[in-house]
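Some notes on the structure that comes next.
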Amino acid sequence: MSTRAFITGVSGTELTAAEREFIRAERPWGFILFKRNVATPAQVAALVAELRAVAGAADAPVLIDQEGGRVQRLGPPHWPVYPPGAIFASLYDIDSALGLTAARLSARLIAADLADLGITVDCLPLADVPVAGADAVIGNRAYGTEPGKVAEIARAVTEGLEQGGVLPVLKHIPGHGRATADTHFKLPTVDTPRVELERTDFAAFKPLADLPMAMTAHVVFSAVDPAHPATTSATMIAQVIRGVIGFQGLLMSDDVSMNALSGNIAERTRAIFAAGCDVALHCNGNIEEMREVSGQTPELSGKALERANAALAARKAPQPFDRAAARAELDALIARANTASA
């Protein structure tokens with residue numbers, strides 16, 4: 001069955017009648033969950049199963065932002081707390097192998113949690129490289145401030161997710177680390193020269209260009225396109241994301257409803273596809289906005305469909321795994337990092 005090129009959120013822990021009707025009629029490619037959709041493991045698993053059943057697609061991707069630290073949609077009392085990315089960076093500085101092991105273990109444990117629920121995609125890893133003076137929205141979510149280190153840790157996170165049968169989404173391409181505003185509320189402009197961007201921000205993404213999916217940054221890079229954020233910039237997508245970085249996987253927008261984007265929801269959606277994104281992401285579960293997004297979204301076809309199919313085909317079967325042993329090892333590594341930074 002054909003689908004439309006968008007990923008949608010829903011409003012609560014169960015589908016409403018209006019949402020069921022919308023999903024059947026509009027055929028989104030995938031779904032994304034947030035804390036408002038989460039109560040218990042049984043409830044989440046039932047919601048995931050219902051989303052796929054109503055969509056008529058057993059392999060419809062279901063996404064979540066489960067990073068650890070401040071960005072963790074699944075949490076206590078039903079799911080464990082995971083460390084922020086900065087913990088892996090601290091361990092890496094003690095011993096690079098320790099940092100990579102911790103990153104891989106954390107992602108593998110997260111993947112096990114998601115697989116239990118039927119969630120197949122995690123919006124992770126980050127390859128953002130923060131700088132002094134930037135907004136704290138990235139902050140300790142990042143894996144460091146040196147592009148090579150960030151890319152290495154991001155690769156280890158990717159490996160952990162893939163070993164658990166969960167697809168990664170690389171974010172926020174081509175970089176959110178220099179943004180001086182939280183894009184949920186405001187559009188940031190980065191005025192760094194292009195040569196420096198290519199040496200730092202863009203460089204962290206290049207070694208990860210083979211990942212199956214990536215999410216754009218709602219950030220203006222004035223050295224490349226002073227008028228549009230990367231999400232709605234045909235220049236940025238063609239020259240930098242597909243060009244300099246070399247990413248050839250499925251490119252999804254960050255959330256259409258974030259205030260960094262200008263215009264109404266319909267205008268934003270049109271701009272996302274005109275720029276060259278393959279899939280639009282809408283997160284807040286507002287049914288009227290969902291309809292606006294769908295109304296401007298094409299059928300998933302051509303290169304975008306090829307990339308979407310390739311992304312889903314990249315998901316591997318989970319490998320054998322001792323969850324208790326992995327958690328004990330991760331906790332020991334976290335304790336070491338905390339001791340070192342005390």
Side-chain angles (χ1 to χ4, degrees), residues 5-7 29 63 121 123-130 138 142-143 147-148 150-151 154-155 157-158 167-179 183 187-256 258 260-261 268-281 297-298 300 302-311 314:
F6 74 106
I7 297 164
W29 180 68
L63 293 71
V121 183
C123 297
L124 196 66
L126 280 75
D128 303 310
V129 182
I138 298 299
Y143 306 139
V150 168
R155 176 64 69 182
V157 169
T158 297
L167 289 169
V169 176
L170 178 63
K171 62 187 187 186
H172 304 83
I173 200 168
H176 204 300
R178 293 181 186 271
T183 51
L187 175 64
T189 296
V190 170
D191 292 323
T192 304
R194 180 163 176 164
V195 65
E196 179 65 7
L197 291 171
E198 293 190 9
R199 189 186 70 81
T200 55
D201 303 59
F202 303 166
F205 287 88
K206 285 186 76 170
L208 304 163
D210 61 313
L211 266 62
M213 291 183 274
M215 181 187 294
T216 61
H218 293 338
V219 177
V220 170
F221 295 88
S222 62
V224 181
D225 183 344
H228 305 96
T231 301
T232 58
S233 170
T235 302
M236 179 63 72
I237 290 174
Q239 288 189 12
V240 175
I241 295 175
R242 300 296 192 193
V244 172
I245 292 171
F247 176 74
Q248 297 303 315
L250 184 79
L251 186 65
M252 68 179 70
S253 73
D254 204 345
D255 184 10
V256 177
M258 290 164 68
L261 299 183
R268 297 175 188 183
T269 305
R270 287 197 297 272
I272 283 166
F273 289 112
C277 288
D278 297 314
V279 173
L281 174 67
T297 297
L300 192 57
K303 286 286 188 183
L305 178 59
E306 290 177 17
R307 292 175 183 133
N309 288 340

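Heavy atoms only, all atoms of each residue included: Thr158 and Pro168 are closest at CG2-CG, 3.8 Å. Across Ser253 and Ala280, no two heavy atoms sit closer than the pair OG-CA, 3.6 Å. Contact between Thr231 and Ala275 at its shortest, heavy atoms only, is O-CB, 3.8 Å. Contact detail for Leu251 and Gly276: the closest heavy-atom pair is CD2-O, 4.4 Å. Heavy atoms only, all atoms of each residue included: Asp191 and Ser222 are closest at OD1-OG, 2.7 Å. The shortest heavy-atom contact between Leu250 and Ala308 is CD1-N, 3.8 Å.
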Kindly determine whether His176 and Val190 satisfy side chain to side chain contact (heavy atoms under 4.5 Å, CB included), including the steps that lead there. CA-CA 9 Å; His176 204 300; Val190 170; over 6 Å; no

Decide yes or no on side chain to side chain contact (heavy atoms under 4.5 Å, CB included) for Met213 and Val279, but give the supporting numbers first. CA-CA 10 Å; Met213 291 183 274; Val279 173; over 6 Å; no

Given side chain to side chain contact (heavy atoms under 4.5 Å, CB included), test Gln239 with Val244 step by step and report yes or no. CA-CA 6 Å; Gln239 288 189 12; Val244 172; 5.9 Å; no

Output, in order, the C-alpha distance, side-chain angles, deciding distance and verdict of side chain to side chain contact (heavy atoms under 4.5 Å, CB included) for Phe6 and Thr269. CA-CA 10 Å; Phe6 74 106; Thr269 305; over 6 Å; no

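A distance of 7.5 Å separates CG of Leu300 from CG of Asn309, quoted to the nearest 0.5 Å. For the atom pair OG1 (Thr183) and CE (Met258), the distance works out to 3.0 Å, reported to the nearest 0.5 Å. Expressed to the nearest 0.5 Å, how far OG1 of Thr297 lies from CZ of Arg270 amounts to 11.0 Å. Atom CD of Gln248 and atom CZ of Arg307 lie 6.0 Å apart (nearest 0.5 Å). One finds the CG atom of Leu124 at 6.5 Å from the NZ atom of Lys171 (value rounded to the nearest 0.5 Å). Rounded to the nearest 0.5 angstrom, Asp128 CG and Ile138 CD1 are separated by 4.0 Å.
At distances below 3.5 Å, not a single donor-acceptor pair connects side-chain atoms of Thr216 with backbone N or O atoms of Ile173. Using modelled atom types, no side-chain atom of Thr232 and backbone atom of Ile272 make a donor-acceptor pair closer than 3.5 Å. For Arg178 (side chain) and Asp201 (main-chain N/O), no donor-acceptor pair under 3.5 Å exists by modelled atom type.
Salt bridge status for Arg268 with Asp255: absent, with no side-chain N to carboxylate O gap under 4.0 Å. Remark: Asp278 engages Arg242 in a salt bridge, criterion side-chain N to carboxylate O under 4.0 Å.
The shortest side-chain heavy-atom distance between Arg155 and Leu211 falls under the 4.5 Å cut-off. Taking the side chain as every heavy atom from C-beta outward, Met215 and Leu63 never approach each other to under 4.5 Å. Counting heavy atoms from C-beta on, the side chains of Leu170 and Pro125 come closer than 4.5 Å. Annotation: side chain of Pro229 is not in contact with side chain of Val219 (no heavy-atom distance under 4.5 Å). Phe221 is not listed as a side-chain neighbour of Val240, based on a closest heavy-atom distance of 4.5 Å or more.
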